[in-house]
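Report on the following structure.
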Amino acid sequence: MEKQEANSKLQERKMVGRLLLFPLPVQGHINPMLQLANILYSRGFNITIIHTFFNSPNISNYPHFTFEAISKESITGFPTIPGGAAKVIHLNKVCFEPFHDCVERLLSNSSADDRILCLITDALLYFTQDVAEVLKLPRIVLRTSSLAAFHVLYLHPTLLHKGYLSVQDSNSEAPVPEAEPLKVKDISQTYQIEGEDLGMMIAGMMTGTKAASAIVWNTFEELEQSVLPTIQQNFPIPSFTIGPFHKYFTASASSLLEQDKTAISWLDMQAPLSVLYVSFGSVALIDKSEFFEMAWALANSKQKFLWVVRPGVIRGSEWLESFPDGLQEAVSERGHIVKWAPQQEVLAHPATACFWSHCGWNSTLESICEGVPMICSPSFGDQPTNARYVEAVWKVGLVLENGIKREEIERAIRRVMIDQEGKEMRMRMSCLKKKVNLCLMEGGSSYKSLEGLVNFILSL
Ligand code: UDP
């Protein structure tokens with residue numbers, strides 16, 4: 001009987017069809033794409049992940065998916081290309097042929113009972129829209145940022161035209177009426193790198209997204225209600241806000257680096273709400289001088305802290321060799337340092353009181369889902385927008401306005417972890433956490449949006 005049931009389930013799954021997913025090969029994009037793959041698998045779709053050899057996902061963690069690696073030659077030299085936008089542009093050029101050939105082969109080998117329904121690809125892999133058109137396969141875009149940060153990128157030509165990108169005072173606190181509540185300095189920071197490359201990358205992403213069949217967002221309606229109508233107006237294709245993706249399943253299996261579990265055993269020994277968690281994600285870099293400022297601020301704060309110092313995060317250092325004498329002792333009294341942490345577990349731990357973050361979108365969402373207030377040190381891209389929303393819209397954290405300076409950091413730690421102001425931020429975070437739980441429940445906004453996405457795919 002059980003065997004019969006399993007067989008008929010398999011038959012049902014086969015009848016639903018197959019989706020081809022292609023993530024951008026960096027941690028903050030791989031995680032949501034594989035989470036989305038798991039969500040859609042749980043709704044009956046067969047999944048094939050197409051991936052580059054560089055930063056390829058850990059296949060053994062996904063025995064239920066099929067994996068297809070596209071040609072090694074296509075990304076030769078990719079990791080050594082200086083600059084994120086230049087890397088993305090390179091990928092969009094060199095992946096066309098191997099990706100096209102791979103999808104064409106999969107299409108010709110597919111059977112009627114396991115039909116390929118569509119491509120789901122990262123918005124930054126905009127070349128896949130051309131492949132989709134050539135092969136007459138619908139393409140759905142996954143955008144891994146917030147709606148607000150995407151909108152700020154959409155405004156790039158306007159902001160450029162109005163002179164915001166060439167302002168003399170890149171520390172200006174003046175408001176930007178076109179992109180409230182951002183300040184001029186947030187815009188400078190967003191676009192600080194790679195002028196022309198960045199413009200090309202954004203234009204490619206916007207054109208590719210406009211031509212797609214639909215967009216999937218790792219966010220939820222209640223969080224970004226004010227931006228959704230603008231996005232829908234600018235991109236008149238279905239938008240599915242089905243996030244936060246990572247809340248659908250507990251395990252995080254797509255980490256490229258090994259997660260140090262001592263982070264959790266160390267947290268287990270700390271008092272409730274006593275620890276500051278510090279991590280700047282998988283891409284952001286800091287200077288040695290900033291690292292010293294961070295270390296002194298943490299030592300002087302007199303708070304317990306769990307600090308992720310990713311190998312290579314300090315420019316010019318392999319790992320911790322640049323710790324000045326004396327400081328390491330001061331730090332080790334109160335803190336625990338790891339190379340990479342199981343971040344979702346850390347944020348969910350009862351000892352964690354505050355997250356000092358670079359405000360990548362995954363980190364921001366993960367903090368919101370666990371109700372942990374934030375201290376924000378954005379560096380580039382979508383991070384300044386996320387940070388400004390944390391402080392000014394959701395009012396659940398503080399932005400370090402003057403970079404990484406020890407007195408300001410110490411003040412911020414006090415404000416969020418000790419003062420009444422911090423308690424209020426925590427209360428507002430708890431409200432957002434409740435909204436997350438509601439939006440995923442039957443009848444909630446993300447639940448309904450996922451139903452809509454599944455029906456949309458089945459109608460293609
Ligand atoms: N992450 C992790 N361990 C760490 C630091 C980060 O597992 O020590 C994960 C984190 O949970 C998040 C992702 O890495 O899912 C980072 O994505 P985000 O968008 O925040 O930043 P990015 O790395 O893209 O700048």
Side-chain angles (χ1 to χ4, degrees), residues 23-38 55 57-58 61 83-85 87-88 122-124 142-150 189-190 193 217-219 243-264 266-267 275-286 305-314 319 335-349 352 355-370 372 374-387 389-390 397:
L24 187 80
V26 289
Q27 186 75 75
H29 292 245
I30 291 172
N31 286 359
M33 185 63 90
L34 286 163
Q35 287 155 359
L36 177 62
N38 266 333
N55 275 353
N58 189 343
N61 287 338
K87 277 193 176 74
V88 168
D122 195 289
L124 283 171
L142 167 63
R143 180 55 188 160
T144 58
S145 76
S146 65
L147 298 174
F150 186 76
Q189 228 183 346
T190 300
I193 45 160
W217 302 91
N218 187 12
T219 187
F245 295 176
H246 73 279
K247 290 297 282 182
Y248 286 78
F249 304 97
T250 45
S252 150
S254 54
S255 190
L256 296 167
L257 298 172
E258 197 186 333
Q259 297 179 325
D260 185 339
K261 298 285 183 192
T262 65
I264 302 301
W266 182 83
L267 281 173
V275 174
L276 169 65
Y277 170 57
V278 188
S279 172
F280 285 1
S282 65
V283 183
L285 299 175
I286 52 172
F305 60 89
L306 172 64
W307 190 3
V308 175
V309 182
R310 189 186 82 240
V313 68
I314 309 162
W319 194 41
H336 184 60
I337 297 179
V338 294
K339 290 182 175 169
W340 195 247
Q343 179 162 302
Q344 289 167 29
E345 280 176 68
V346 168
L347 289 169
H349 197 285
T352 305
F355 183 11
W356 178 10
S357 168
H358 70 308
C359 287
W361 184 236
N362 295 294
S363 295
T364 307
L365 259 188
E366 286 160 11
S367 211
I368 288 172
C369 288
E370 299 309 336
V372 179
M374 302 176 79
I375 296 173
C376 309
S377 285
S379 138
F380 63 89
D382 63 339
Q383 299 157 21
T385 305
N386 300 337
Y389 268 67
V390 164

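Please read all numbers here as calculations on a predicted model, not as lab measurements. Counting convention: from 1, in listed order, for ligands and their atoms alike.
- At a threshold of 4.5 Å between non-hydrogen side-chain atoms, the residues Trp340 and Asp260 do not count as touching.
- Taking 4.5 Å as the limit, every side-chain heavy atom of Val278 sits out of range of all side-chain heavy atoms of Val308.
- Side chains of Lys339 and Leu257 form no contact here, defined as non-hydrogen atoms less than 4.5 Å apart.
- Note: His358 and Phe280 have tilted aromatic rings, judged against thresholds of 30 and 60 degrees for the angle between ring planes.
- Not a single heavy atom of Lys339 sits less than 4.0 Å from an atom of ligand 1.
- In this structure, Ser279 counts as a contact residue of ligand 1, since one of its heavy atoms falls inside 4.0 Å of the ligand.
- Taking each of Thr144, Asn362, Val338 in turn, the one with a heavy atom nearest to atom 17 (O) of ligand 1 proves to be Asn362.
- Residue-ligand proximity, Gln259 to ligand 1, at heavy-atom distances under 4.0 Å covers atoms 7 (O).
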> What's the verdict on ring-ring contact (aromatic ring centres under 6.0 Å, His included) for Trp217 and Phe150, showing C-alpha distance, side-chain angles and the deciding distance?
Replying inline: CA-CA 10 Å; Trp217 302 91; Phe150 186 76; 5.1 Å; yes
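- With a 4.5 Å cut-off on side-chain heavy atoms, Thr144 and Trp361 do not count as touching.
- A side-chain hydrogen bond (donor to acceptor under 3.5 Å, both in side chains) with Ser146 is found for one member of Thr219, Asn218, Asn386 and no other, namely Asn386.
- Gln344 does not count as a contact of ligand 1, since none of its heavy atoms falls under 4.0 Å from the ligand.
- Listed by number with element, the atoms of ligand 1 under 4.0 Å from a non-hydrogen atom of Val308 are 8 (O).
- For ligand 1, the atoms closer than 4.0 angstrom to any heavy atom of Trp361 are 19 (O).
- Neither the backbone nor the side chain of His29 comes within 4.0 Å of ligand 1, counting heavy atoms alone.
- Less than 4.0 angstrom separates some heavy atom of Asn31 from each of these atoms of ligand 1: 12 (C), 13 (C), 14 (O), 15 (O).
- In terms of polar-atom proximity, defined here as any N/O pair under 3.5 Å, Ser363 does make such a contact with ligand 1.
- For ligand 1, the atoms sitting less than 4.0 Å from at least one non-hydrogen atom of Gly281 are 23 (O), numbered in the order shown with element in parentheses.
- No side-chain heavy atom of Asn38 sits less than 4.5 Å from a side-chain heavy atom of Phe245.
- In summary, of the residues considered (Gln383, Gln344, Gln343), a side-chain hydrogen bond (donor to acceptor under 3.5 Å, both in side chains) with Ser363 occurs for Gln343 alone.
- Counting the atoms of ligand 1 from 1 in the order shown, those under 4.0 Å from a heavy atom of Gly28 are 17 (O), 24 (O).
- Relative to atom 8 (O) of ligand 1, the option among Ala341, Gly381, Pro342 with the closest non-hydrogen atom is Ala341.
- Atoms of ligand 1 found under 4.0 Å from any heavy atom of Gly360, numbered from 1 in the order shown, are 18 (P), 19 (O), 20 (O), 21 (O).
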